Protein chains: 2
Amino acid sequence: MSVEFDQILLVPGYRKVAAAIAERILSRELREGERLPAETELARQFGVNRSTVREALRELESGGLLERRPGSKLMTVSRPQHRAVAKDVSRALALHDVTFFEVWEALTQLEPPMAEIAARNRTQIDLDCLAAACQRFTEDNLETGKAVHHAAEFFRCVGRATHNQVLGLAQEPLLGLLEPSLRVMIDKVPQARARIAAAQRRILEVIGKRDSEAARTWMAKHIRDFRKGYELAEIALDCRIA
Amino acid sequence: MSVEFDQILLVPGYRKVAAAIAERILSRELREGERLPAETELARQFGVNRSTVREALRELESGGLLERRPGSKLMTVSRPQHRAVAKDVSRALALHDVTFFEVWEALTQLEPPMAEIAARNRTQIDLDCLAAACQRFTEDNLETGKAVHHAAEFFRCVGRATHNQVLGLAQEPLLGLLEPSLRVMIDKVPQARARIAAAQRRILEVIGKRDSEAARTWMAKHIRDFRKGYELAEIALDCRIA
DNA sequence: GATGGCCTGATTGTCGGACAATCATACGAT
DNA sequence: ATCGTATGATTGTCCGACAATCAGGCCATC
C-alpha cells in the first residue's frame with residue numbers, strides 16, 4: 001500500500017497578485033477602460049512590495065488584460081485585442097514546427113465556411129471594409145511585406161463580417177502564420193499577385209450579393225490556389241514555416 | 001502644409017530584454033529544455049538590473065516561452081503547450097461577451113471537418129486515446145465538472161487524431177468556452193449525458209473504421225444536439241457565457 | 001554499496017529604499 | 001485665451017539585502 005501525497009504547490013506572490021487582479025477583471029468588477037490604482041497603492045493594498053506588484057502587472061500586461069493608453073502612465077483595464085492574444089498562439093505554433101501543409105489544411109477547413117457566414121451576416125460597413133482591403137491589395141502589392149499584410153487583412157475583414165468573434169479569433173493565429181508562409185511564396189510565383197487580387201474581387205462580389213453558396217465556393221478556390229502557389233514555388237508542403 | 005513626425009516610441013528595458021530573449025528562442029538558438037542563465041547572469045549580460053530581468057521573465061513566462069520544471073529553480077526554454085496559450089484566448093473571448101450562439105456556430109464549422117480529417121489520419125494510438133476518453137465520460141459523468149471536462153477531452157482527442165497542430169490549437173479556445181457553457185446546460189437536461197455518450201460512441205466507431213464521411217456526419221449531429229440542449233435548458237442563445 | 005544526514009554555494013522570491021524621467025494639474029504671466 | 005512654470009504623483013530603473021530553497025559534494029552509518 002503506497003501512501004500518496006498531493007503535490008504541495010507554493011504559489012509565488014507575484015502570481016497570486018496577478019490572479020487576484022485577473023479575477024476582478026474577469027468578474028467585471030473592474031470594467032474596461034477603468035484605471036488601475038498606482039503600483040504603490042496596489043502594493044499597500046496587497047501588503048506586498050512594489051517589485052512584486054510590478055511582476056504581476058507584467059504578467060497581466062502580456063495576457064492583454066492590462067494596457068497602457070499611449071502617452072499615459074497609469075495602466076487601464078482592457079479587453080484583449082484579438083491580434084495581441086493571437087500572437088502568442090502563432091509563436092507557439094511556429095515553435096512546434098508547423099508545416100505549410102498544416103496551415104493550408106486549416107485554412108481549407110476554416111475559411112470557406114467563414115466566407116459563407118460572412119455573406120449571410122455582412123453589413124454595408126463590412127462590405128465597404130472588404131472592398132477597401134481588396135483595393136489596397138490591388139494597388140499596393142509591390143513590396144512583399146505590404147502584399148502579404150494586405151492579403152491577411154482581407155481575411156480579417158471576412159472574419160469580422162461573420163459577426164462571430166469566436167470565428168474571427170480562431171482564424172487570427174492562422175493569419176499570423178499565413179504572412180510568413182505567403183512571404184516565401186509570393187515572390188517566386190509571378191502570377192500570384194494577380195490571382196489573389198482576382199480571387200478577392202470575386203469573393204467580394206458574391207459576399208456583396210449575399211450569395212453564401214458562391215462565397216464558400218470561391219473562397220475554397222482561393223485557398224486551393226495557395227496550395228498551387230506553394231507547388232509552383234517548389235516549396236515542400238511538409239516543410240516548417242519560419 | 002503640416003509637418004508630420006513619426007511617433008517616437010520609447011520601449012522600456014524589460015520589454016527589450018524580453019524581446020531579445022524571445023528572439024533567441026524563436027530563432028532556435030535556445031532550444032527546448034535548455035536552461036536559461038541565472039537572473040544575475042542575465043542582468044550582467046544585458047547590462048541591466050536584476051529587477052528588470054525579472055519583469056522580462058514574467059512576460060516570457062506568461063507567453064509560455066519559459067517554464068520552470070516543477071521542483072526546479074532554473075527556468076527552462078519550453079515550447080508553449082496548447083492549453084496554456086489557449087487560456088488567454090478563452091479569457092479574451094469571455095471578456096468580449098461571447099454568446100452561446102457564437103461558440104456553437106464555431107463548433108458547427110470546425111468540428112465536423114476535424115472529425116473527417118481525424119478519421120483519415122488517426123493512428124491506433126489515437127483510437128485508443130479516443131476510446132479511453134469516451135469510456136471516461138460514460139463512467140464518470142455524475143459530477144458536473146468531471147462530465148464537462150471529459151466531454152471537452154473527447155474533442156481534444158479528435159483534435160490530436162487529425163495530426164494537424166493548427167487545427168488542434170484552433171479548437172482549444174473553443175473547448176475552453178465549451179466547458180462553462182456545457183456546465184450550465186448539462187444538469188438541466190436529464191438526457192444530455194446519455195446523448196453525449198451515445199454520440200461519442202458513434203463517432204469513435206466510424207473514426208475506427210476510417211469512415212471520414214460518417215465521422216463528419218455524426219460529429220455534425222453531435223454538435224447540433226448541443227444546440228438542442230441549450231434550447232431544452234431554456235438558455236437564450238444570444239446570452240453571453242460566464 | 002546504498003542510504004541518509006550535513007554542509008556549502010548558487011539561485012530565486014521578496015523586501016526596502018532610492019532617484020531620474022515623465023505625466024497630470026493647477027497657477028500665474030503675458 | 002495661450003503659454004510657461006511649479007508641484008506632486010507615477011513609472012522605470014537601480015542598488016543592496018536576506019530568507020528559503022535547490023544542487024551537489026562529502027561523510028557517517030547501516
Side-chain angles (χ1 to χ4, degrees), chain A residues 2-3 5-22 24-25 30 33-78 84, chain B residues 2-3 5-22 24-25 30 33-78 84:
Chain A
S2 69
V3 183
F5 284 102
D6 286 344
Q7 268 205 355
I8 130 166
L9 56 117
L10 32 134
V11 182
Y14 59 83
R15 208 166 295 176
K16 284 189 195 164
V17 171
I21 298 178
R24 287 268 189 117
I25 297 177
L30 290 169
E34 202 161 337
R35 293 193 323 190
L36 215 61
E39 295 172 357
T40 47
E41 173 59 16
L42 286 172
R44 195 191 57 77
Q45 289 185 26
F46 284 109
V48 300
N49 192 273
R50 189 161 79 99
S51 310
T52 306
V53 170
R54 282 181 65 81
E55 292 186 37
L57 293 184
R58 293 296 88 79
E59 206 163 307
L60 296 170
E61 190 179 26
S62 83
L65 261 51
L66 296 180
E67 71 174 354
R68 199 187 318 284
R69 293 277 162 75
S72 172
K73 236 164 171 38
L74 288 159
M75 306 263 281
T76 62
V77 176
S78 73
Chain B
S2 70
V3 183
F5 285 102
D6 285 345
Q7 266 205 355
I8 126 165
L9 56 116
L10 32 135
V11 182
Y14 60 83
R15 208 167 297 175
K16 284 188 195 166
V17 171
I21 298 178
R24 288 268 189 116
I25 297 177
L30 290 169
E34 203 161 336
R35 295 193 321 190
L36 215 60
E39 294 173 357
T40 47
E41 173 60 16
L42 287 172
R44 197 192 57 75
Q45 290 185 25
F46 285 108
V48 299
N49 192 273
R50 189 161 79 100
S51 310
T52 306
V53 170
R54 282 181 66 82
E55 293 187 38
L57 293 184
R58 294 296 89 77
E59 207 164 304
L60 296 169
E61 194 180 17
S62 83
L65 260 52
L66 296 180
E67 71 173 357
R68 202 188 317 282
R69 295 276 162 74
S72 171
K73 233 166 171 46
L74 288 159
M75 307 260 284
T76 62
V77 176
S78 72

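In what follows, chains are A, B, ... by sequence order, proteins preceding strands, each numbered from 1. Keep in mind the model is a prediction, meaning the values are calculated, not measured.
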Does [X] have a side-chain nitrogen or oxygen under 4.0 Å from the phosphate oxygens OP1 or OP2 of [N]?
X: Tyr14(A); N: dG13(C); answer: yes
X: Arg54(A); N: dG12(D); answer: yes
X: Asn49(B); N: dT13(D); answer: no
X: Thr52(A); N: dC15(C); answer: yes

On a heavy-atom basis, which atom in Ala56(A) and which in Ala18(A) lie closest, and how many Å separate them?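 Heavy atoms only, the tightest pair is CB-N, 3.6 Å.
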Rounded to the nearest 0.5 Å, what separates atom [atom1] in [X] from atom [atom2] in [Y]?
X: Arg54(A); Y: Glu61(A); atom1: CZ; atom2: CD; result: 9.5 Å
X: Ile21(B); Y: Lys16(B); atom1: CD1; atom2: NZ; result: 14.5 Å
X: Glu55(A); Y: Glu55(B); atom1: CD; atom2: CD; result: 7.0 Å

Spacing between [X] atom [atom1] and [N] atom [atom2], to the nearest angstrom:
X: Lys16(B); N: dG12(D); atom1: NZ; atom2: P; result: 13 Å
X: Arg58(A); N: dT13(D); atom1: CZ; atom2: C1'; result: 12 Å
X: Arg15(A); N: dT12(C); atom1: CZ; atom2: C1'; result: 13 Å
X: Glu55(B); N: dG13(C); atom1: CD; atom2: C1'; result: 14 Å
X: Arg44(B); N: dT13(D); atom1: CZ; atom2: C1'; result: 19 Å
X: Glu39(A); N: dC15(C); atom1: CD; atom2: P; result: 14 Å
X: Leu57(B); N: dT14(C); atom1: CG; atom2: C1'; result: 15 Å

Measure from the side chain of Ser51(A), starting at C-beta and using heavy atoms only, and say which of dG12(D), dG16(C), dG13(C) lies closest.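 The nucleotide sitting nearest to the side chain is dG16(C).
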Does the dT11(C) base have a donor-acceptor partner in the side chain of Arg35(B) within less than 3.5 Å?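 No.
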Once hydrogens and angles are ignored, does a donor-acceptor distance under 3.5 Å link the base of dG16(D) to the side chain of Arg50(B)?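 Looking at the base of dG16(D), it does not pair with any donor or acceptor on the side chain of Arg50(B) (distance under 3.5 Å).
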Residue whose nearest DNA chain C nucleotide is more 5′ - Val48(A) or Thr40(B):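 Looking at DNA chain C, the more 5' nearest nucleotide goes with Thr40(B).
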Can you find a heavy atom in the side chain of Leu57(A) that is under 4.5 Å from one in the side chain of Val53(A)?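 The answer is yes, as the side chains (C-beta and beyond) meet within the 4.5 Å cut-off.
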